[in-house]
Protein chains: 2
Amino acid sequence: MPRGYQQSPHTRLINRFVADFKRLMLYIRTDQILVFLAKKYTLKDLALELNISISTVSKALNNSPEISEDTQKKVLALAQLYHYRPNSTALRLRESRSNHIGVVLPDLVHHFFTTVFKGIEEYANARGFNVSVCFSDDNTQKEKDAIDLLLDSGVDGIILSLAGQTQQLAAWSHLQEVAAQGTHLVMFDRVTDHVPGDQVMIDDMHSAYKATQRLIDLGCTRIALLTTESYLSVNQDRQSGYIKALKESNLTYEAQRVLALPKSEVDPASLRTFFAECPVDAVLCVNELIAVQAMHVVTALGKRIPEDVAFVGYNNGMLSMYSYPSLTVVDQQGYLMGEKSAEVLIDKICSKTPLDISKYVIPTTLVERNSTPNTRK
Amino acid sequence: MPRGYQQSPHTRLINRFVADFKRLMLYIRTDQILVFLAKKYTLKDLALELNISISTVSKALNNSPEISEDTQKKVLALAQLYHYRPNSTALRLRESRSNHIGVVLPDLVHHFFTTVFKGIEEYANARGFNVSVCFSDDNTQKEKDAIDLLLDSGVDGIILSLAGQTQQLAAWSHLQEVAAQGTHLVMFDRVTDHVPGDQVMIDDMHSAYKATQRLIDLGCTRIALLTTESYLSVNQDRQSGYIKALKESNLTYEAQRVLALPKSEVDPASLRTFFAECPVDAVLCVNELIAVQAMHVVTALGKRIPEDVAFVGYNNGMLSMYSYPSLTVVDQQGYLMGEKSAEVLIDKICSKTPLDISKYVIPTTLVERNSTPNTRK
DNA sequence: AACGACACCGAAATCGTTATCGATGCCTCG
DNA sequence: CGAGGCATCGATAACGATTTCGGTGTCGTT
């Protein structure tokens, strides 16, 4: 026997019998062909069965030139027969990379986050990365738990949009922990400078400015703003843009035309009193959910959209598309934002030299539909 | 020196200096405090620094009784200082469990899948499991790729809802591969018996039967069905339920009152011709997207909802809630379905003895809103 | 004084994989 | 016939953590 000089042939034979016997026992015990087949095969199993060493099997499967064609064929055949897949955990341990990123989202009911996530997922998958998701429900404690879970699961990086409460409380310690673990962080949409990490966002101020400007161009002069309570930085920026556009056109900014709703739910009654007391000819809403509900209220008050009141919202989602009338919106291009976030993160993970922290601004577009007139009144 | 009899004190000292030196070099090279701190600390690092063995550090961190209080305090202090976290990959390799499940969804634009996913995610997180998501876009090849990615990433189990194309082509091999890998599989909503795995679903036939029955009770006699092209088993079942209810009430089932739309997009023109040519007093739609669009068309034709035409849809989503009029729907209780799927899967993963394959039926409810009259006509 | 119990700690195996470094024959060439 | 090259393969370390087992010194008991 030409092989087997380093380990006695007898040992090999015995080992093989032991392996076979174990499988047989497993088979008999469960009495199910499927479970029998479902054993996770390792290099060791293949090696024992073929009576060659683990290294040889590994090299054969990896197309190493130092393995004879004959051996390689045998190995490949057996591997295929047993549906062998390398144990990814072992690989990760060696490579000390998991090809795995985590995403923390405030929620998933908003169409915006759904599309961002889609962008992240598709880009990451295309580069062979797995994506785990957690939700913060705009709650700081849940955000912390989510980050802990992701860090403990060994992700290479995290993409996150800040929970509302976190921005409100300015509680950054759980996020700084991410950097302390040497895990890369990318924030999108709701970002902060208090935590080291890249930022991907839209220019909220400018987009609101442009949307308001468009309403003014269409002949509107009494423009309302429906926003949420102020702790979300993006909404503050949008309000700034709204005010800037008004001032530039010499329209007075009246605080009574701004309604800040509690984020959790929209109260139709407060909308009714607002629109009843405050005559307006246009409304800018910081999301589509508020917009469609406001449109219902305004319609119920006997006003026509867009002739009497024009509406512009944010988020190019299903509600905007299929509302009646369909809603003109600022498209935040969530898909692009997701793609960019994933790209930035994965580039960082893959690069050896540390890259600088940077900020990216995704352009927005105004999608005009039937809630705004197509010509100046 | 009481300790150090197994390894010479000199070796220890040298090792510690080497460790310190390496860290120093890293520090100088990157010139960033943060990166300096961001080094991933291992048990080895702590052990070198404290001049004790790796085993001792491990036992100290795990509250082993055989470690002196003194030593444990020192270890814990250093671990905290360096933000030590055990390397999860190494743990997984030992435990041969990843505490990680994968989810494959046809898409995320449908509110239904969003809620199911939320249910899965929250339940899994509560039990310390990570959740990775992939999308099939109703495409068999992408479904296969997604499963490959998940299997390669070493998930303990997979939750999936079949891609439309997969059901159409009856292509099951990539799903059987999951079982062959010894990975547990749970299917929800769109399920099949051709693949070994648990099933969580609603009783589509019965829910459509009940919805149709309700319309009949409200005095409707000419009830239309808007469905998608037939390869989705759930929609076939719903059609059966619809037909059954008609027959039981001695209403004739007329094929012309059933419109099967291509899944990709709803063509308003075909809806217009359908409603123009086919006088109906009620419509059952297999999802909310079709329903709201049909409502727009019917409204445009001058009919009133619900007085002239009543509408019932599926999926209790944002569109149903905020459409005008708001839509009566069959609530599939996506959240419950997600929770149940995750529960079944994780129970299987955690149990040592193989459990039998089983099917679970989640009850549906009819959420009545303004698209159906509240009393009999 | 000798022996055993006990407290405390370290070495080594293990999980599955890859990469490095030998090691073995065989063949060829001088 | 011996040396060296080549083709082919195996042993081993390493990744980071846990756990079993064994070892050391101390102290108390007889």
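None of these values were measured; they are calculated from a predicted model. Chain naming here is simple, since letters A, B, ... match the order of the sequence lines and numbering starts at 1 in each.
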Spacing of R92(A) atom CZ relative to dG16(D) atom P, expressed in whole Å:
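My rounded result for the distance is 15 Å.
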
5' priority, DNA chain C, between A90(B) and P65(B) [closest heavy atom]:
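Of the two residues, P65(B) wins.
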
Upstream residue (5' side of DNA chain C) when I67(B) and R94(A) are each assigned their closest nucleotide:
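So the residue in question is I67(B).
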
Any [X] side-chain nitrogen or oxygen under 4.0 Å from OP1 or OP2 of [N]:
| X | N | result |
| --- | --- | --- |
| S58(A) | dT18(C) | yes |
| S68(A) | dC9(D) | yes |
| Y84(A) | dG16(C) | no |
| N87(B) | dC15(D) | no |

Residues that R85(B) engages under salt bridge (Lys or Arg N to Asp or Glu O under 4.0 Å), provided they are two or more places apart:
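If we apply the salt bridge (Lys or Arg N to Asp or Glu O under 4.0 Å) test to R85(B), skipping adjacent residues, the hits are D148(A), D152(A), E177(A).
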
With axes from five pairs an end, tell me the bend angle of the helix from dA1(C)-dT30(D) to dG30(C)-dC1(D), nearest 10°.
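Here the local axes at opposite ends form an angle of 80°.
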
Classify the ring geometry between F135(A) and F117(B) as parallel (under 30°), tilted (30 to 60°) or perpendicular (over 60°).
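Correct class here is perpendicular.
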
Could you pull out the closest heavy-atom pair between E143(A) and H174(A), with the gap in Å?
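Scanning both residues completely, I find the closest heavy atoms to be OE1-NE2, 2.8 Å.
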
Taking for each residue the nucleotide of DNA chain D bearing the nearest heavy atom, is the 5' side occupied by K59(A) or by R85(B)?
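Checking each residue's closest nucleotide, the 5'-ward one belongs to K59(A).
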
